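Below: one structure, written as structure tokens.
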Amino acid sequence: MKGIYMMIGYPDIETFKEEFIFSQNCGLDFVEIGIPFNDPVADGPVISGAGENVLTKQINIEELMDFIRENKKTKIYIMTYSNIIYHYGAENFSKKYKSTIDGVIIADLPNEYHCFFKEKGFEIPIIPFATTDTDAGKLTQYLDGQNFIYFVGLKGVTGSKADLNNQVNIKKIKEVKEKSGYKVIFGFGIKTPADASAVMKFADGFVVGTEVVKRQPEPEEFKKYVKSLAESGEKQ
Amino acid sequence: MKNGFYGEYGGQFVAETLMPALNELERNFFKAKNDANFNNKFLKYMNDYAGRPTPVYYAENLSEKYGFNLYLKREDLLHTGAHKINNTIGQALLALQMGKKRIIAETGAGQHGVATATACALFNLECEIYMGKTDAERQRVNVEKMEMLGAKVTVVDKGSKTLKDAVSACLKDWVANVDDTHYLLGSALGPHPFPSVVSHFQSVIGREAREYFESSGKLPDYVIACVGGGSNAIGIFRGFMDTEVELIGVEAGGLSDKPGEHAIRFSKGQKGIFQGSHSYVILQKNGQIAPVHSVSAGLDYPGVGPEHAFLKDSKRVKYEFCRDEDAIFAFYELARNEGIIPALESSHALGYIFKNSNFFKEKNILLNLSGRGDKDLEIVREYRGGSLS
């Protein structure tokens, strides 16, 4: 499962739309859409800067979500922060977007707290996180028909460099896959198509964020890079 | 979901990566709380190093002037000049117990930063303090103190450049360095167990105040404290929670009720999830965190500790506010009538009392004077157009 993260509405509405359409047609399995929050404690400077840009321009996010729904071809995930969904209303958000999106990745919602939203009527799958410290057995209690588990490949914010040969990560991913029966996607720290190919040897997929967002302001460069990610891992 | 809530408020809204560290802190805290050795060590440092117990002072001149009986719990007399040292010594001892080598902390007004740097110097821990650029400029003396004490001060030039952004910077640092670093959070906010940890170490304030009044045979009618994150207020309220005493928390009313000109979380904010917990937050219409203002660098924070949110809803504590101008008035009123220069944070609680002095006539009021005001002289000078006199 190959995926990218894009910041919604960045650098402007038209460029985002063009790049979103391209991303869905170039062989990726999913696109993760970032909804910005102005206290993004899990984001490094590239993604938090892009989010700030979107918020400063007061881009209409709901309109863009309508566009995404109308043009959906692959699996779509939303990555955001708890307060965005909470403020919208867990049930309202769920009702409005459950046909558009296949899951949410909430950066400041640890697995134990999925029930905080579910108890409030949230019906969209919340993607569970795994880290090297995760108890793979315990993780199974948070599995609820989601499409995959998101493995956080490093301790740090988005945009940091991961050690892709880290044996602790590789061992943990294997353990999580075995005990959960779920696919495990590697996120955080992938910078190049070669990195993505390396990850595909031990994980079921990857998602690239910072390096994609960096290229969003330059559509041609964005397309070239995203295409190379979509083709990664297949020449081995 | 785990316990870690005060009613519906609290929780642990953080990156999954931080959960092991929060669990480790929770385990160690609850173990330490019931450990005589730990408590004896904490009390020893409180008494011999920090200067506890602090007195309750009857402010005779102001009482006579306004027609009430005003008692001040003198946390300003503690080493480093504020109640913050209670929590930093306590958490630094926990950090040692957990084998952590490095401490990070946020600071707004600088008092928590100075108290953290002090505890780190005392216990030989590496220390890095995050401070918003605006705060670092308006609290320059405290930056110098932190550096003198051996801490690295990292100035955060993002967002509002105040306490909110310092907390975010700390959370980001902690995620990256969680194995050897303890985040020494400075107020009764953030993810569980921090609100409980901070309240516990600050509850010494209320305990001592309660003992003072009990020994004189009568409890006060009101206990009043300023509320930024809420640690000094929880500290003193804890001593009177099981009584009939009326408890009042005072928020920063800033310049006006206009968005961006105050930090009144309870009546102008709404429920939200911010920096690790579910509580009251000042938000914009799309769920973004709103800008806030206070003349006090310690009170201009868009969120508030979850225990306060619970106490507000349960009506055990009443929350009021004080405008900048009333706080500045109180700053001078205490200085010139009692010879005590209060922190601008505490000046908000005082300002609320003076503004409503008719309501408090002949009542016995205990106010938590949580810090001293020498750190705020530059802010006051600027507020008054360049002169302190």
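Remember, it's a predicted structure, so these values are computed and weren't measured experimentally. Numbered from 1 within each chain, the chains take letters A, B, ... in sequence-line order. Only heavy atoms go into these numbers, but all of them, side chains included; no hydrogens, no water, no symmetry mates.
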Smallest heavy-atom separation, A:Asp133 atom then B:Pro20 atom, equals CB-CG, 3.7 Å

Whatever's closer than 4.5 Å to a heavy atom in chain B on A:Leu55 counts as side chain

In terms of side-chain geometry, is the basic nitrogen of B:Lys172 or A:Asp43 positioned less than 4.0 Å from the acidic oxygen of its partner? no

Note: vs chain B, highest number of non-hydrogen pairs under 4.5 angstrom among A:Val41, A:Asn38, A:Ile85 is A:Asn38

Applying a strict 4.5 Å limit to non-hydrogen atoms, the region of B:Asp173 in contact with chain A is neither

Cut-off 4.5 Å, heavy atoms of chain B, and the answer for A:Pro36 is backbone

Residues 291-302 of chain B vs chain A, non-hydrogen distance cutoff under 4.5 Å, contacting residues -> none

Verdict with supporting geometry, B:Phe13 and A:Tyr86, side chain to side chain contact (heavy atoms under 4.5 Å, CB included)
CA-CA 12 Å; B:Phe13 296 90; A:Tyr86 179 83; over 6 Å; no

Cut-off 4.5 Å, heavy atoms of chain B, and the answer for A:Val152 is side chain

* To do: Say whether, by atom type as modelled, one donor and one acceptor occur between the side chain of B:Glu16 and the main chain of A:Asn111 under 3.5 angstrom.
  => yes

Cut-off 4.5 Å, heavy atoms of chain B, and the answer for A:Ile84 is side chain

Residue pairs meeting ring-ring contact (aromatic ring centres under 6.0 Å, His included), one or both in residues 30-61 of chain A, sequence neighbours left out, come to A:Phe30-A:Tyr77, A:Phe30-A:Phe148, A:Phe37-A:Tyr81

Taken in chain and number order and not counting sequence neighbours, the residues that satisfy side-chain contact (heavy atoms from CB on, under 4.5 Å) with B:Ser196 are B:Tyr6, B:Phe29, B:His192

Within residues 271-284 of chain B, the residues sitting under 4.5 Å from chain A by heavy atom, in sequence order, are B:Lys271, B:Gly272, B:Ile273, B:Phe274, B:Gln275, B:His278, B:Leu283, B:Gln284

Would you check if B:Met19 and A:Thr134 make a side-chain contact, meaning some heavy-atom pair closer than 4.5 Å? no

Test side chain to side chain contact (heavy atoms under 4.5 Å, CB included) applied to A:His87 and B:Gln270, step by step: CA-CA 9 Å; A:His87 184 77; B:Gln270 54 195 296; 3.5 Å; yes

